[in-house]
Each structure stands twice: as C-alpha cells, then as structure tokens.
Amino acid sequence: MAKNTICVWYDKDAEAAARFYAETFPDSAVGAIIRAPGNYPDGKQGDVLVVEFTVAGIPCIGLNGGTAFTHSEAFSFQISTDDQEETDRYWNAIVGNGGRESNCGWCKDKWGVSWQITPRVLTEALAVGGDQAKRAFDAMMTMNKIDVGMIEAARRG
C-alpha cells in the first residue's frame with residue numbers, strides 16, 4: 001500500500017466500484033481485497049472490508065463502512081480528457097452505468113462518488129485568463145457534459 005492513499009467510503013460495494021473504475025480508466029487496477037476478521041456494525045466476519053485500487057494512477061482504498069456517511073461533491077475525481085471521444089467515453093461509462101449527470105462536466109457514479117470529466121481545452125482556456133477564459137467559462141456554465149467543439153469556438157470568440 002502506498003504511504004498516502006485516498007480512502008473512499010462505500011456502503012458495501014467497494015469491490016464492485018473498484019472493478020468498474022479499473023475497467024473504465026487507463027492506469028487503473030484492483031489490488032488487495034481485505035476481509036473483515038470479525039463482525040462489525042454494518043457487516044460480518046468474512047465480508048469485504050477494504051479494497052486497494054488505483055484510479056488513473058492514483059492509489060486509493062475503498063472502505064465498506066456502511067451507511068453512516070455518504071458522498072458529496074466536496075470530494076471528486078477529476079479526469080482530464082484530450083478530446084470529445086475520450087470525454088464521451090468516460091461520461092457515458094459513469095452516467096450509463098447507473099450514474100447521474102450534473103452541471104459543468106460533473107457527474108456521479110452509481111455509488112454516489114462525484115467525477116469531473118474535464119477536457120484539457122477547457123482547463124487551458126481558463127489558465128490563459130482574460131476574455132478567452134471568460135468566454136470558455138460562460139460556455140461551460142451552460143453544459144452538463146462538456147462539449148469540446150463549443151469550448152474551442154468560445155476560445156476563438
């Protein structure tokens with residue numbers, strides 16, 4: 001296990017979530033699966049307790065902690081994309097598998113984890129600043145899934 005990892009709390013589906021992420025994003029994998037050595041408030045001995053996994057190169061653990069806590073947009077994975085095809089592929093994988101769309105490139109997977117599917121063209125436009133950033137930002141504010149062509153057109157003015 002890495003010295004520093006992100007711990008993501010799940011009700012009971014950490015293994016399913018980790019496997020979905022590993023199938024969806026490059027440089028992702030499922031590692032060790034640790035089972036509970038005894039009964040606990042939301043599970044029993046032998047249940048999957050912790051799953052080590054990597055999402056796009058970032059080490060994580062999924063903790064099957066039960067219903068005490070839920071996810072919020074205060075935590076999200078941000079995936080940078082190179083073009084519309086890649087943006088569509090990740091967006092559709094998350095939303096199309098029980099997830100939900102939100103605004104400005106955000107969506108949630110079926111476990112309630114928030115994702116930002118962010119084309120680099122948008123990030124680059126915002127970094128430039130000035131009128132180009134304002135136009136790209138204004139265009140983004142009208143979108144759910146980011147439309148790369150519309151961001152590029154907004155950058156040009």
Side-chain angles (χ1 to χ4, degrees), residues 1-31 48 50-157:
M1 180 183 296
K3 186 173 186 93
N4 184 17
T5 61
I6 295 169
C7 179
V8 184
W9 185 289
Y10 295 88
D11 179 2
K12 61 183 176 300
D13 294 329
E15 184 177 1
R19 291 194 187 289
F20 172 75
Y21 305 151
E23 292 169 3
T24 303
F25 300 102
D27 196 19
S28 300
V30 177
V48 173
V50 174
V51 178
E52 294 179 13
F53 62 99
T54 304
V55 176
I58 303 296
C60 303
I61 61 170
L63 172 65
N64 282 330
T67 59
F69 300 106
T70 58
H71 298 285
S72 80
E73 287 79 3
F75 170 85
S76 64
F77 286 103
Q78 184 179 42
I79 303 293
S80 295
T81 59
D82 292 323
D83 53 32
Q84 191 66 54
E85 179 184 347
E86 188 179 24
T87 301
D88 292 348
R89 183 172 61 248
Y90 296 146
W91 184 273
N92 294 338
I94 292 169
V95 173
N97 282 295
R100 298 186 310 278
E101 292 189 3
S102 190
N103 299 322
C104 305
W106 289 65
C107 56
K108 285 187 180 186
D109 65 28
K110 70 178 176 181
W111 301 280
V113 176
S114 291
W115 294 81
Q116 298 176 59
I117 309 301
T118 309
R120 292 182 201 284
V121 67
L122 173 60
T123 307
E124 292 164 358
L126 296 175
V128 167
D131 290 340
Q132 187 180 135
K134 174 78 168 103
R135 290 189 306 269
F137 181 81
D138 289 345
M140 175 202 68
M141 293 298 293
T142 68
M143 300 175 190
N144 285 350
K145 177 176 63 176
I146 303 300
D147 182 314
V148 171
M150 289 181 69
I151 296 298
E152 290 170 338
R155 285 186 80 174
R156 291 188 298 272

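These values consider heavy atoms only, across backbone and side chains, with no hydrogens, waters or symmetry-generated copies. Quantities reported herein were computed from a predicted structural model and do not represent experimental measurements.
- A search for side-chain contact (heavy atoms from CB on, under 4.5 Å) contacts involving E23 returns nothing, not counting sequence neighbours.
- Looking at every heavy atom in both residues, M140 comes nearest to I146 through CG-CD1, 3.6 Å.
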- request: Run the numbers on I117 and I94 for side chain to side chain contact (heavy atoms under 4.5 Å, CB included), then give the verdict.
  value: CA-CA 10 Å; I117 309 301; I94 292 169; 4.0 Å; yes

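- Below 30°, between 30° and 60°, or above 60°: for W111 and F20 the angle between ring planes is between 30° and 60°, a tilted geometry.
- Across every non-hydrogen atom of C60 and V55, the tightest pair is SG-CG2, 4.4 Å.
- Put simply, the side chain of T87 never gets that close to the backbone of E85: no donor and acceptor are under 3.5 Å apart.
- Of all heavy-atom pairs spanning D13 and N64, the tightest one is N-OD1, 3.2 Å.
- S28 OG to R19 CZ: the interatomic distance, rounded to the nearest 0.5 Å, is 13.5 Å.
- Considering only residues two or more places apart in sequence or on other chains, T142 meets the side-chain contact (heavy atoms from CB on, under 4.5 Å) condition with none of them.
- Using a distance-only test at 3.5 Å, with no hydrogens or angles considered, a donor-acceptor pair links the side chain of D109 to the main chain of V113.
- With sequence neighbours excluded, the residues that form a ring pair (Phe, Tyr, Trp, His ring centres under 6.0 Å) with F77 are F75, W115.
- With hydrogens and angles disregarded, a donor-acceptor distance shorter than 3.5 Å links the side chain of H71 to the backbone of W9.
- Other residues, nucleotides and ligands contribute only 12 or fewer heavy atoms inside 6.0 Å of the CG atom of D131.
- Remark: the backbone N or O of V148 is paired with a side-chain donor or acceptor of Q84 at under 3.5 angstrom.
- The list of side-chain hydrogen bond (donor to acceptor under 3.5 Å, both in side chains) pairs with a residue in residues 144-157, not counting sequence neighbours, reads D88-K145, E101-N144, Q132-R155.
- Of all heavy-atom pairs spanning A93 and T24, the tightest one is CB-CG2, 3.7 Å.
- Minimum heavy-atom separation, I79 to A56: CD1-CB, 4.1 Å.
- Listed by chain and residue number, nothing satisfies the ring pair (Phe, Tyr, Trp, His ring centres under 6.0 Å) test with W91 (two or more places apart in sequence, or in another chain).
- By the 30° and 60° cut-offs, the orientation of the rings of F53 relative to Y21 is tilted.
- Looking at every heavy atom in both residues, R135 comes nearest to A154 through NE-O, 2.6 Å.
- Listed by chain and residue number, Q116, T118 satisfy the side-chain contact (heavy atoms from CB on, under 4.5 Å) test with Q78 (two or more places apart in sequence, or in another chain).
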